[in-house]
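Before any comments, here is the structure.
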Amino acid sequence: MPEKMQYSQAQAFLRVGLIGDPVAHSYSPRFQQAALDALGIPARYELWQTPETQLIERVRSLCTPNYLGANVTIPHKQAILPLLDMVDPLATRIGAVNTIVHHNGYLQGYNTDAPGLLLALHEQGLGKMQEDGHVMLDGYTAVLLGAGGAARGAAFALIDAHISRLIIVNRHLEKAQQLAADLQHNYDGPIFSLSDPSFLIPHPSSIIINATSLGMHEDVSPLPAEVLSHFNADTFVYDMIYNPTQTHLLCQARTINLRTANGLSMLLHQGALAFTLWTGQPAPIEAMRAALMHE
Ligand code: NAP
């Protein structure tokens with residue numbers, strides 16, 4: 001954990017914010033500002049709309065003394081890596097940074113999406129938390145829908161959590177296969193790649209994770225209801241989408257009495273981990289949750 005910050009009068013206007021394009025839709029300001037206010041940290045969380053042509057300039061500006069760091073979102077999570085002084089091993093393996101910490105003119109990159117997903121699953125009663133705070137998922141099978149940026153982070157998080165079996169389902173099979181190949185260097189367990197979910201074989205203790213964008217803009221599901229109906233009653237369905245809060249996939253799952261959760265909890269936990277990296281303080285998670293859920 002980073003050193004706890006000392007706040008002085010000279011730092012009266014600390015700044016932290018979100019780098020991306022677009023950023024206007026983001027939920028981060030509401031719960032990050034609630035966290036800063038709850039701990040009396042004199043800082044503002046801002047939205048930093050940053051087109052690709054301004055990324056270098058934006059990153060440089062983070063070295064200003066009163067900047068704590070930043071979150072990074074689409075489309076810069078990959079492009080930002082070479083612009084930083086240090087990238088931690090998990091973010092390097094995933095190839096994506098969503099959190100930057102500024103410390104004495106140095107910029108350090110982290111990925112809190114991946115551990116944020118594990119904490120969100122653990123909050124739902126899945127897996128075991130070790131003394132060091134790592135969530136372990138031994139004995140579970142993960143069905144990961146998607147092979148884009150979010151799926152990549154999830155896949156590395158799942159193998160780090162010792163998932164017993166990983167099945168990657170993606171429209172373009174070659175992307176699922178590429179992700180499986182990248183993971184295999186760090187994982188002894190079985191990884192399967194599929195493009196057609198109809199070929200899914202249900203296993204006990206399954207966690208189905210939607211990391212595609214299907215369900216965000218249209219009322220469609222990445223899994224046919226018929227396929228879902230073959231899964232065991234102990235299957236958990238997690239949809240990374242949080243807007244809308246009830247996706248078609250989650251409705252399908254609830255209709256057949258499977259346990260479900262949407263992506264708000266992952267958003268919350270990735271944000272809480274980022275907050276601790278910036279401030280060195282435990283995140284006031286309930287204040288953040290309240291700001292996120294009840295706006
Ligand atoms: P991305 O890199 O663009 O990947 C999109 C994925 O969706 C790919 O696997 C793509 O498949 C698949 N896909 C898109 N349209 C499809 C269609 N019509 N039919 C089948 N598959 C389709 O996006 P991302 O950054 O990974 O984000 C994915 C989702 O995760 C988004 O909804 C995002 O909001 C969510 N997310 C949530 C959190 C959170 O904190 N809760 C964090 C990050 C992301 P192909 O490879 O075949 O094109």
Side-chain angles (χ1 to χ4, degrees), residues 18-32 71-80 91 94-99 110-121 123-124 143-158 166-182 193-198 200 207-224 227 237-250 260-275 285 288-289 292-293:
L18 176 65
I19 298 172
D21 185 15
V23 289
H25 64 284
S26 172
Y27 290 11
S28 290
R30 62 162 97 146
F31 69 93
Q32 292 293 4
N71 282 134
V72 184
T73 189
I74 289 172
H76 303 315
K77 286 186 184 183
Q78 289 86 25
I80 210 135
I94 295 170
V97 158
N98 79 323
T99 300
Y110 298 89
N111 188 304
T112 67
D113 282 333
L117 170 66
L118 296 179
L119 290 171
L121 295 175
E123 198 172 77
Q124 299 292 331
V143 176
L144 182 60
L145 307 175
R152 199 175 161 83
F156 277 96
L158 291 165
L166 177 60
I167 306 167
I168 305 169
V169 185
N170 196 51
R171 173 177 58 175
H172 292 104
L173 181 61
E174 63 283 4
K175 277 182 68 181
Q177 288 171 329
Q178 182 58 57
L179 177 54
D182 293 348
S193 310
L194 284 179
S195 65
D196 184 349
S198 319
L200 273 174
I207 308 170
I208 297 173
I209 299 168
N210 180 31
T212 75
S213 43
L214 271 186
M216 197 154 67
H217 303 297
E218 301 137 334
D219 193 25
V220 290
S221 168
L223 272 191
V227 172
V237 181
Y238 191 82
D239 200 328
M240 282 197 196
I241 295 173
Y242 51 82
N243 185 15
T245 51
Q246 302 305 324
T247 59
H248 197 100
L249 172 67
L250 295 183
T260 65
N262 67 28
L264 277 174
S265 49
M266 177 177 167
L267 183 71
L268 172 71
H269 285 289
Q270 65 75 29
L273 292 166
F275 181 93
I285 196 103
M288 296 173 90
R289 195 192 307 273
L292 187 58
M293 309 287 175

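Indexing begins at 1, ligand by ligand and atom by atom, following the structure's order. Bear in mind the structure is a predicted one, so any value in this text is a computation, not a measurement.
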Could you grab the distance from atom [atom1] of [X] to atom [atom2] of [Y], nearest 0.5 Å is fine?
{"X": "N243", "Y": "N262", "atom1": "CG", "atom2": "CG", "result": "9.5 Å"}
{"X": "I285", "Y": "L273", "atom1": "CD1", "atom2": "CG", "result": "7.5 Å"}
{"X": "L264", "Y": "F31", "atom1": "CG", "atom2": "CZ", "result": "9.0 Å"}
{"X": "T112", "Y": "M266", "atom1": "OG1", "atom2": "CE", "result": "8.5 Å"}
{"X": "Q177", "Y": "H172", "atom1": "CD", "atom2": "NE2", "result": "12.5 Å"}
{"X": "H269", "Y": "L121", "atom1": "NE2", "atom2": "CG", "result": "9.5 Å"}

Consider every N or O of [X] and every N or O of ligand 1, then say whether any pair is closer than 3.5 Å.
{"X": "Q270", "result": "no"}
{"X": "G263", "result": "yes"}
{"X": "G146", "result": "no"}
{"X": "M240", "result": "yes"}
{"X": "I241", "result": "no"}

### Query
Name the one of N98, N111, D113, N71 that satisfies side-chain hydrogen bond (donor to acceptor under 3.5 Å, both in side chains) with K77?
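Going through the options one by one, the only one that passes is D113.
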
Shortest protein contact, [atom] (heavy atom only):
{"atom": "atom 23 (O) of ligand 1", "result": "G149 N, 4.6 Å"}
{"atom": "atom 47 (O) of ligand 1", "result": "H172 ND1, 2.6 Å"}
{"atom": "atom 5 (C) of ligand 1", "result": "S213 OG, 4.1 Å"}
{"atom": "atom 29 (C) of ligand 1", "result": "T212 O, 3.5 Å"}

[X], portion touching ligand 1 at heavy-atom distance under 4.0 Å:
{"X": "A150", "value": "both"}
{"X": "L214", "value": "side chain"}
{"X": "N170", "value": "side chain"}
{"X": "A211", "value": "backbone"}
{"X": "M216", "value": "side chain"}

List every atom of ligand 1 that sits less than 4.0 Å from any heavy atom of [X], numbering the atoms from 1 in the order shown and giving each element.
{"X": "Y242", "value": "39 (C), 41 (N)"}
{"X": "K175", "value": "46 (O)"}
{"X": "L267", "value": "40 (O)"}

### Query
For D182, which residues count as a salt bridge (Lys or Arg N to Asp or Glu O under 4.0 Å) partner, sequence neighbours excluded?
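D182 satisfies salt bridge (Lys or Arg N to Asp or Glu O under 4.0 Å) with R152 once adjacent residues are dropped.
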
#### Entry: Under the salt bridge (Lys or Arg N to Asp or Glu O under 4.0 Å) test, residues paired with D239 that sit two or more places apart
none

### Query
Is atom 9 (O) of ligand 1 close to the protein, meaning a heavy atom under 4.0 Å from it?
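Within 4.0 Å of atom 9 (O) of ligand 1, protein heavy atoms are found.
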
### Task
Verify the contact flag for atom 3 (O) of ligand 1, where contact means a protein heavy atom under 4.0 Å away.
no

### Under 3.5 Å donor-acceptor, N170 side chain and A147 backbone
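The answer is yes, because a donor-acceptor pair under 3.5 Å joins these two groups.
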
### Message
I want to confirm something. Looking only at heavy atoms, which of R171, M266, H269 is nearest to atom 15 (N) of ligand 1?
### Response
R171

### Query
Side chains of P197 and P222: closer than 4.5 Å at any heavy-atom pair?
no

### Query
Can you check side-chain contact (heavy atoms from CB on, under 4.5 Å) on I208 and L145, steps first, answer last?
CA-CA 7 Å; I208 297 173; L145 307 175; 4.0 Å; yes

